[in-house]
Amino acid sequence: MGSSLLTNSSAMTALQTLRNVSTQLATTQNRISTGQRVSTASDNSAYWSIATSMRSDNAALSAVSDSLGLSAAMVDTEYTALNTVIGDKNSGLTKLQALLVEAKTAGIDRTKIQAEVTQIQQDMKLKSDSATINGINWLSIDITPSSSTATPTTFNLVSSYSRVGGTPTIGSITVTTATYALYTTGGSSTTGILDTVVGGSTGASVASINIGALTDAATDQTKLDGYINQVTAAINSVASAAANLGAVKNRIATNTEFVKNLMDSVDRGIGQLVDADMNAESTRLQALQTQQQLGVQALSIANQNSQSILSLFR
């Protein structure tokens, strides 16, 4: 084909090549700046959609992790209070049991022992009432029927999140408050471990035991034996409740670690779908920059061909 003033095929080819290289260069620069090879739906609609759903799942898992943290604090608070109520040789039910055994001694001044018993009873009530976190207390509960202020009979502690297809599933650890209640208010009768009356109308609860008026008489000694048995049973019940909370605490800790690992796995999955290979992109950038420079030079040479037509008319 001869030289044409209107159509410069070489320049058109060079321009098309340069335009294609510039487009690839812009794509590579975007991947390097964002760190992603799929940053918008137009890059790869399928991968972008999957990655978006996975990010949503991770946000839900993050909320589960936060909820588990709050639940762990709640369980730890109640467990600490229960453990304190059980006490040791100087406090709590353990000390109360020792005092009652001491009160079996003939001729001992039980009025003075009762003064210490009363202090222990008040201290246990204080510890129970203080085991409140975020407005929730599982040890001192309100059982007022049909009341908005009543303590719920169960608490569901969010522990997991999963999504199969488009259906999300929220897992939870169910805690029954009656298992841990030491004191109850608002009901027609008390049902807590420490305020439940044993022995009918003439009996007493652990919280209301009073030995100040007891003597060495056989009937009073029998009553003391009953009190000792009652406190021993209370120790076992509170220890069982604390052990139950310990198991819940361990389960929360296990789930917390699992959720964190799961979030890391989801992040890695998202990265496999949308993250750019920076080594490959760096190499591609250098190659495209070289091609762009050569394209510009080729276009310059092709444009000079039009100037040569002028020499034909001199």
Side-chain angles (χ1 to χ4, degrees), residues 1-69 160-170 255-314:
M1 180 178 178
S3 298
S4 172
L5 181 63
L6 300 178
T7 305
N8 188 337
S9 299
S10 297
M12 293 172 63
T13 301
L15 183 60
Q16 183 177 6
T17 301
L18 183 59
R19 187 183 300 115
N20 182 49
V21 170
S22 296
T23 300
Q24 294 182 58
L25 186 60
T27 299
T28 300
Q29 289 174 332
N30 180 68
R31 290 177 178 178
I32 291 174
S33 62
T34 62
Q36 297 179 330
R37 63 189 176 94
V38 180
S39 58
T40 64
S42 59
D43 294 331
N44 186 314
S45 59
Y47 281 8
W48 180 86
S49 177
I50 295 171
T52 299
S53 296
M54 292 175 72
R55 289 191 185 98
S56 176
D57 289 345
N58 239 14
L61 287 172
S62 179
V64 170
S65 181
D66 293 341
S67 178
L68 283 169
S160 66
Y161 168 87
S162 63
R163 179 178 57 85
V164 178
T167 305
T169 301
I170 310 298
N255 280 17
T256 299
E257 186 64 24
F258 172 72
V259 168
K260 289 180 178 178
N261 292 336
L262 191 59
M263 290 173 65
D264 291 341
S265 297
V266 173
D267 278 336
R268 287 193 294 270
I270 294 173
Q272 291 293 326
L273 289 175
V274 303
D275 286 359
D277 183 345
M278 300 306 286
N279 291 328
E281 297 303 332
S282 176
T283 302
R284 186 177 295 110
L285 177 64
Q286 295 182 30
L288 289 172
Q289 286 175 335
T290 301
Q291 291 180 46
Q292 186 183 49
Q293 293 172 7
L294 291 174
V296 171
Q297 188 172 358
L299 180 60
S300 177
I301 294 172
N303 287 334
Q304 290 176 3
N305 290 337
S306 299
Q307 300 295 322
S308 64
I309 297 178
L310 291 175
S311 63
L312 300 175
F313 298 94
R314 292 174 183 170

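Bear in mind that the values here come from a model prediction, so they are computed numbers and not experimental data.
The two residues Arg163 and Asp57 make their nearest non-hydrogen contact at NH2-OD2, 2.7 Å. The shortest non-hydrogen separation linking Ser39 to Thr34 is CB-OG1, 4.3 Å. Looking at every heavy atom in both residues, Tyr47 comes nearest to Val274 through O-CG1, 4.3 Å. The two residues Arg37 and Asp43 have their closest heavy-atom pair at O-CB, 3.8 Å. In this structure, Ser65 and Val259 approach most closely via the heavy-atom pair CB-CG1, 4.1 Å. Glu281 and Ala276 get closest at one heavy-atom pair: CG-CB, 4.1 Å.
One distance of note links OG of Ser265 with CE of Met263; it measures 11.0 Å at 0.5 Å rounding. Going from atom CH2 of Trp48 over to atom OG1 of Thr40 covers 8.5 Å, rounded to the nearest 0.5 Å. From Asn261, atom CG reaches atom CG of Leu61 across 11.5 Å, with rounding to the nearest 0.5 Å. Rounding to the nearest 0.5 Å places OG1 of Thr17 at 11.0 Å from CG of Leu294. With rounding to the nearest 0.5 Å, the separation of CD in Gln29 from CD in Gln289 is 7.0 Å. Distance check, rounded to the nearest 0.5 Å: CG of Leu285 to OG1 of Thr28 gives 6.5 Å.
With hydrogens and angles ignored, the 3.5 Å screen pairs a side-chain donor or acceptor of Thr290 with a backbone N or O of Gln286. Under the 3.5 Å distance criterion, the side-chain polar atoms of Ser56 are left unmatched by any main-chain donor or acceptor of Thr52. For the pair Ser282 (side chain) and Asn279 (backbone), a donor-acceptor distance under 3.5 Å is absent.
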How far apart are the C-alpha atoms of Asp267 and Asn58, what are their side-chain angles, what is the distance that settles it, and do they pass the side-chain contact (heavy atoms from CB on, under 4.5 Å) test? CA-CA 8 Å; Asp267 278 336; Asn58 239 14; 2.8 Å; yes
Show, in sequence, the C-alpha distance, side-chain angles and deciding distance for Lys260 and Glu257, and conclude whether the salt bridge (charged side-chain N to carboxylate O under 4.0 Å, His left out) test is met. CA-CA 5 Å; Lys260 289 180 178 178; Glu257 186 64 24; 5.5 Å; no
side-chain contact (heavy atoms from CB on, under 4.5 Å) assessment of Gln291 paired with Gln24: CA-CA 11 Å; Gln291 291 180 46; Gln24 294 182 58; 5.6 Å; no
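If you check the side chains of Arg19 and Ser22, you find no donor sitting under 3.5 Å from an acceptor.
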